**Q** 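Got a structure for you, written out below as structure tokens; questions coming shortly.
Values in this document were obtained by computation on a predicted structure and should not be read as measured data.
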Amino acid sequence: MKMKCFLVSMLVVVLVGGTFAEKPQMTQAEADVIVEREMFKFIHHDDWMDAIKYWKERGITDEMFAESYAKIARRTMNAPEGTKEHRMCSWAVGDGLRHHANEQQLTNLIYIAECASNTLVRQTAIHAFYTRTTKTHQYLDFVERQLKRKDLNYGICSTLFVGLRLDYDAQPKKAVKLRERIAMIALDQVLKKGPALVS
């Protein structure tokens, strides 16, 4: 009888402990509200990271964070420069999406880089995409696609070529194909007198 009571007691402890150990579930709609309300308050990066940790412990995943930031970025990507909405978009792209987005969610950065009317937002999206695809053909594919666009300006071209230059310098000497491809992208702009000629 004592053994039976002991086993029942242990089972209750395990079940209750397991219940408390589970992470709370949060919906995407709740995450959207929290990100918009809470995650743009911070001046210092460490405070922002502490807030991320706090909300992750309460059930927000990286994918949910990225989804929330993407909604904000798309909504504000055409805001006039210097406005609160412009700053929100820059933070949502340059910090939020860059930090949280999974491979599939990186398409949000491409969309903003290609569709935003604000040049600074486009540059931020290009830089964020570069930091997530450094030293890959994925970034080179992206650059080649951008250089075919008609709406390029010096700022956009400069941002694209900063990534190319950093990639070229970071490649080991044995990475001949990547280095050659970067050089050919630059040479193509010179020969065609393309929009990135100065860059």
**Q** Quick one: list whatever passes side-chain hydrogen bond (donor to acceptor under 3.5 Å, both in side chains) with E67, sequence neighbours left out.
**A** none

**Q** Answer yes if the side chains of Q28 and E63 hold a donor-acceptor pair under 3.5 Å, and no otherwise.
**A** no

**Q** Of all heavy-atom pairs between G59 and M64, which one has the smallest distance, and what is that distance?
**A** O-SD, 3.8 Å

**Q** For the residue pair T133 and T136, what are the closest heavy atoms and their distance?
**A** O-OG1, 2.6 Å

**Q** Once side-chain contact (heavy atoms from CB on, under 4.5 Å) is applied, do any residues pair with A70, and if so which ones, sequence neighbours excluded?
**A** L97, N108

**Q** Only pairs under 3.5 Å count here: list side-chain donor-acceptor contacts from residues 169-176, not counting sequence neighbours, and write none if there are none.
**A**
unit_1: D169; atom_1: OD1; unit_2: R165; atom_2: NE; d: 3.3
unit_1: D169; atom_1: OD2; unit_2: R165; atom_2: NE; d: 2.9

**Q** Count the heavy atoms of every other residue, nucleotide or ligand shown that sit under 6.0 Å from NZ of K71, and state whether that count exceeds 12.
**A** yes

**Q** Could you grab the distance from atom CD1 of I185 to atom CD1 of I182, nearest 0.5 Å is fine?
**A** 7.0 Å

**Q** For E81, enumerate each residue passing the side-chain hydrogen bond (donor to acceptor under 3.5 Å, both in side chains) test, keeping only those at least two apart in sequence or located in another chain.
**A** none

**Q** Excluding sequence neighbours, so at least two apart, what forms side-chain contact (heavy atoms from CB on, under 4.5 Å) with E85?
**A** T76, A79, T83

**Q** Could you walk me through whether L147 and F161 pass the side chain to side chain contact (heavy atoms under 4.5 Å, CB included) check?
**A** CA-CA 10 Å; L147 291 174; F161 269 81; 4.0 Å; yes

**Q** For the residue pair T134 and D167, confirm or rule out a side-chain donor-acceptor distance under 3.5 Å.
**A** no

**Q** Let's go through L164 and L140 carefully: what are the C-alpha distance in whole Å and the side-chain angles of both, what is the deciding distance for side chain to side chain contact (heavy atoms under 4.5 Å, CB included) to 0.1 Å, and is it a yes or a no?
**A** CA-CA 8 Å; L164 287 179; L140 303 187; 3.3 Å; yes

**Q** Which pairs of donor and acceptor atoms, one on a side chain in residues 190-199, lie under 3.5 Å apart (sequence neighbours left out)?
**A**
unit_1: K192; atom_1: NZ; unit_2: D188; atom_2: OD1; d: 3.3
unit_1: S199; atom_1: OG; unit_2: S158; atom_2: N; d: 3.3

**Q** Between the main-chain N or O of A128 and the side-chain N or O of R98, is there a donor-acceptor pair closer than 3.5 Å?
**A** no

**Q** Tell me, do L120 and Q123 make a side-chain contact under 4.5 Å, heavy atoms counted?
**A** yes

**Q** Using atom types as modelled and distance alone, determine if a side-chain donor or acceptor of H86 lies under 3.5 Å from a backbone N or O of G82.
**A** yes

**Q** Taking the side chain as everything from C-beta on, heavy atoms only, tell me whether Y130 gets closer than 4.5 Å to V143.
**A** no

**Q** Under the rule for side-chain hydrogen bond (donor to acceptor under 3.5 Å, both in side chains), what residues qualify as partners of E144, not counting sequence neighbours?
**A** R181

**Q** Any chance you could lay out the side chain to side chain contact (heavy atoms under 4.5 Å, CB included) test for M88 and I72, step after step, and finish with the verdict?
**A** CA-CA 8 Å; M88 278 185 79; I72 293 166; 3.9 Å; yes

**Q** Apply side-chain contact (heavy atoms from CB on, under 4.5 Å) to E114 and list each qualifying residue two or more places apart in sequence or on a separate chain.
**A** I110, R145, Q146, R149

**Q** Is any side-chain heavy atom of L109 closer than 4.5 Å to a side-chain heavy atom of I112?
**A** no

**Q** Please enumerate all residues that pass side-chain hydrogen bond (donor to acceptor under 3.5 Å, both in side chains) together with H100, with sequence neighbours excluded.
**A** D62

**Q** Write down the atom of V121, the atom of C89, and the distance for their closest heavy-atom approach.
**A** CG1-SG, 3.7 Å

**Q** Can you check whether R132's main-chain N or O pairs, donor with acceptor, with Y139's side chain at less than 3.5 Å?
**A** no

**Q** Please name all residues satisfying side-chain contact (heavy atoms from CB on, under 4.5 Å) with S117, sequence neighbours left out, ordered by chain then number.
**A** N78

**Q** Taking all atoms of both residues into account, what is the closest heavy-atom pair of P80 and N118, and its distance?
**A** C-ND2, 4.1 Å

**Q** Applying the side chain to side chain contact (heavy atoms under 4.5 Å, CB included) criterion to V162, which one of L160, L166, T159 satisfies it?
**A** L166

**Q** Would you compute the distance between atom CZ of R122 and atom CE of M77 and round it to the nearest 0.5 angstrom?
**A** 10.5 Å

**Q** Does a side chain donor of either E36 or S68 reach within less than 3.5 Å of an acceptor in the other side chain?
**A** no

**Q** Which residues pass the ring-ring contact (aromatic ring centres under 6.0 Å, His included) test with F142, not counting sequence neighbours?
**A** F129

**Q** Kindly list each side-chain donor-acceptor pair under 3.5 angstrom involving residues 39-54, sequence neighbours excluded, with atom names and distances?
**A**
unit_1: K41; atom_1: NZ; unit_2: E38; atom_2: OE1; d: 3.1
unit_1: W48; atom_1: NE1; unit_2: Y69; atom_2: OH; d: 3.2
unit_1: Y54; atom_1: OH; unit_2: R58; atom_2: NE; d: 3.2

**Q** Ignoring hydrogens and angles, tell me if any N or O in the side chain of T27 forms a donor-acceptor pair with the backbone of E30 under 3.5 Å.
**A** yes

